[in-house]
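Residue numbers run from 1 in the order of the sequence given. Note that these values count all heavy atoms, side chains included, but never hydrogens, waters or copies made by symmetry.
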Amino acid sequence: MNPFEMVFAIIVIVTIGSVLKARYGIHKDKDGNEVYRGGAADSVSAAENARLKDEIRALKERVQVLERVVTDTEGSVRLDREIESLRDKN
């Protein structure tokens, strides 16, 4: 095999590999690791992440209210109001 043919074969193999990686959404992150980034899967996971963040925020708010209710010593009137406000959120 001629050295020029070998160089040409290496270039063709590397090019085909690069095209396949781009086709299947494989990219390198900032650390140089190869990471799959699919088109439709990213939008689904982003929507799922947003939904989960909203749910966590709501749960944190409820925990704060419950902590206030438990540590409250003013009486049952405030307790009743807090419980009703929690029911109204749902």
Item to check | Single-linkage hydrophobic cluster Phe4~Val12, side-chain heavy atoms < 4.5 angstrom | outcome: no

Checklist entry - What's the spacing between Glu61 CD and Arg57 CZ if we round to 0.5 Å? => result 7.0 Å

Item to check | Members sharing Ile11's hydrophobic cluster (side chains within less than 4.5 Å) | outcome: Val7

Checklist entry - To the nearest 0.5 Å, how far apart are CD1 in Ile10 and OG1 in Thr15? => result 11.5 Å

Checklist entry - Are Arg51 and Glu55 close enough for a salt bridge, meaning some N to O gap below 4.0 Å? => result yes

Checklist outcome for this item: For Asn2, the side chain to side chain donor-acceptor pair (under 3.5 Å) test, sequence neighbours excluded, returns none

Checklist outcome for this item: By salt bridge (charged side-chain N to carboxylate O under 4.0 Å, His left out), Glu5 pairs with (sequence neighbours left out) none

